[in-house]
Amino acid sequence: MVQGLSLNTLTTSRNGAFCGSMPSWRKHFKLTRKTQISSVIERHGIWHLCHQSLVLRGNPNMLKQRNVRVEAGWLFKRGDQGLNASSEQSEAANEDILIFFFQLDLATRVQYALNTEQYDIAQQLRNKLTEVEAEVIRQQEAKRGSSPKSEAQDKAISIIRLRADLQKAIESENYALAAKLRDAISELEAESLAASAKALAHENANYSFRLGQRVRHKNFGYRAVVCGMDPVCCESSSWMQTAQVEKLHRGSNQPFYQVLVDVHADPNLLVAYVSEENLLAPDEPDVDQFDHPYISFLFYGMDAAGDFIPIKQLREKYNRPRHEIPFDPLDEGHGSDA
């Protein structure tokens, strides 16, 4: 974990003033779970996030009407297994996005310091940014574990060693030890098979959806926008149990997506972590209004098809190429006529 600051301090502005009340922030942005961030960021809260909080709080009647409508809707919109949309809500995904905002904020401050020839400050900020980036990498490794390929190889090597020990135990007629070794080998073989399947999923990851694409949940029906992706489920075992991942047709070894949920559908859900099989692309371009407090930070805007254009840093984070809308000669013809 990054040291020094909990997400609760995100409500401070650049001048150190609180942006709205903490109860409102907690209610609408689900930041009650504490995560430690580098101490430098304590002085650099994200003002725009606070501004969005104030926007949501600015019209309590509208927000109240949304909540009433949403609660009535989700009461009947349950999945085939009796789940509701909140079962896929992900605090880990939300925190991952907020830490990404921290990195963007620090990088912006480094560039500003360089532009104003404040080189000492720029160096200090760059050092802190390096610390945060290193800690983010450590967190990702802790969340996703070691490389699936190396994990499978390590288990295969362990099996070979245990088989050699088993042969020695049999030759020395130590049958009690041989039985224990045989059980250990069987257990490792099962784990090795699972690790190999996970490694294969990582190597052959083929995402059906892209960053910024508008999607709809297959079971719950809400609209969302893809803002992150993993080749397999990287959530905790308790989250997977709550979301009943084991009942999915493709299980946990399929792509999972971080999606921003339209606040008009559910202002309390915010960020969900959804399996690929539970997402659908719209049949027709969706250009209707989509509201979410994170949209303006993660995307440049909308393209002609209604999807959102991810910022360069977001594409680099997931190593995704730029998406180009296919050229339509009919549109060019209409434009010439106009």
Side-chain angles (χ1 to χ4, degrees), residues 1-22 24-26 28-31 33-57 91-143 211-212 225 227-228 258 260 270-271 292-301 308-320 322:
M1 303 294 283
V2 192
Q3 299 300 316
L5 175 67
S6 78
L7 289 180
N8 290 339
T9 62
L10 278 177
T11 50
T12 56
S13 73
R14 286 174 178 162
N15 294 324
F18 279 94
C19 302
S21 64
M22 280 304 299
S24 175
W25 178 264
R26 286 172 176 163
H28 299 299
F29 292 95
K30 300 292 186 180
L31 295 179
R33 179 179 172 186
K34 292 184 177 180
T35 299
Q36 300 300 315
I37 308 298
S38 178
S39 59
V40 68
I41 304 167
E42 186 170 16
R43 301 189 300 275
H44 307 305
I46 301 174
W47 165 255
H48 296 293
L49 283 177
C50 304
H51 173 70
Q52 292 287 358
S53 176
L54 291 175
V55 169
L56 284 178
R57 293 175 62 244
E91 293 292 339
N94 188 38
E95 291 170 3
D96 182 65
I97 294 170
L98 291 176
I99 293 173
F100 180 63
F101 289 160
F102 279 136
Q103 292 176 274
L104 293 180
D105 186 56
L106 277 174
T108 299
R109 291 175 180 279
V110 169
Q111 189 58 52
Y112 176 79
L114 289 173
N115 292 344
T116 55
E117 299 183 356
Q118 301 179 64
Y119 300 116
D120 290 341
I121 294 177
Q123 185 59 50
Q124 293 173 17
L125 290 170
R126 186 181 286 113
N127 292 340
K128 292 299 181 181
L129 178 59
T130 301
E131 292 176 12
V132 172
E133 289 174 342
E135 191 61 41
V136 167
I137 293 173
R138 284 193 289 271
Q139 287 190 15
Q140 289 175 343
E141 290 176 347
K143 181 179 76 169
L211 291 173
V225 172
C227 67
Q258 295 178 5
L260 307 179
L270 201 63
V271 181
H292 193 283
Y294 297 169
I295 282 290
S296 61
F297 305 106
L298 298 174
F299 305 98
Y300 292 122
F308 288 87
I309 304 168
I311 62 174
K312 179 183 177 182
Q313 295 91 332
L314 187 63
R315 287 192 292 106
E316 290 175 345
K317 177 181 179 181
Y318 291 100
N319 194 27
R320 308 310 298 167
R322 185 201 306 266

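These numbers come from a predicted model, not from an experiment.
Using a 4.5 Å heavy-atom cutoff, the side chains of Leu114 and Tyr119 are in contact. The shortest distance between side-chain heavy atoms of Phe299 and His292 does not fall below 4.5 Å. Contact annotation: the side chain of Phe297 never approaches that of Leu104 to less than 4.5 Å [non-hydrogen atoms, C-beta and beyond]. Under the 4.5 Å side-chain criterion, counting only non-hydrogen atoms from C-beta, Pro293 is not in contact with Leu260.
With rounding to the nearest 0.5 angstrom, the CD1 atom of Ile99 is 12.5 Å from the CD atom of Glu133. Atom CD of Glu91 is separated from atom CG of Asn94 by 6.0 Å, given to the nearest 0.5 angstrom. Distance check: Arg322 CZ to Leu211 CG gives 13.0 Å after rounding to the nearest 0.5 Å. To the nearest 0.5 Å, atom NZ of residue Lys317 and atom CD1 of residue Ile97 are 7.0 Å apart. Annotation: the span from Leu298 atom CG to Phe100 atom CZ amounts to 6.5 Å, rounded to 0.5 Å. To the nearest 0.5 Å, atoms CZ (Arg109) and CD (Gln124) are separated by 13.5 Å.
Evaluation of the side chain to side chain donor-acceptor pair (under 3.5 Å) rule for Asn115 yields Gln111 as partners, not counting sequence neighbours. Under the side-chain contact (heavy atoms from CB on, under 4.5 Å) criterion, Ile309 pairs with Tyr300, Asp303, not counting sequence neighbours. Gln118 is linked by a side chain to side chain donor-acceptor pair (under 3.5 Å) to Thr116, counting only residues two or more places apart in sequence or in another chain.
For Phe101 and Tyr294, the gap between ring centers is short of 6.0 Å.
Here the shortest heavy-atom pairing between Ala93 and Val271 reads CB-CG1, 3.7 Å. The two residues Gln258 and Asp96 have their closest heavy-atom pair at NE2-OD2, 3.4 Å.
In this model, a donor atom of one side chain and an acceptor atom of the other lie less than 3.5 Å apart for Asn127 and Gln123.
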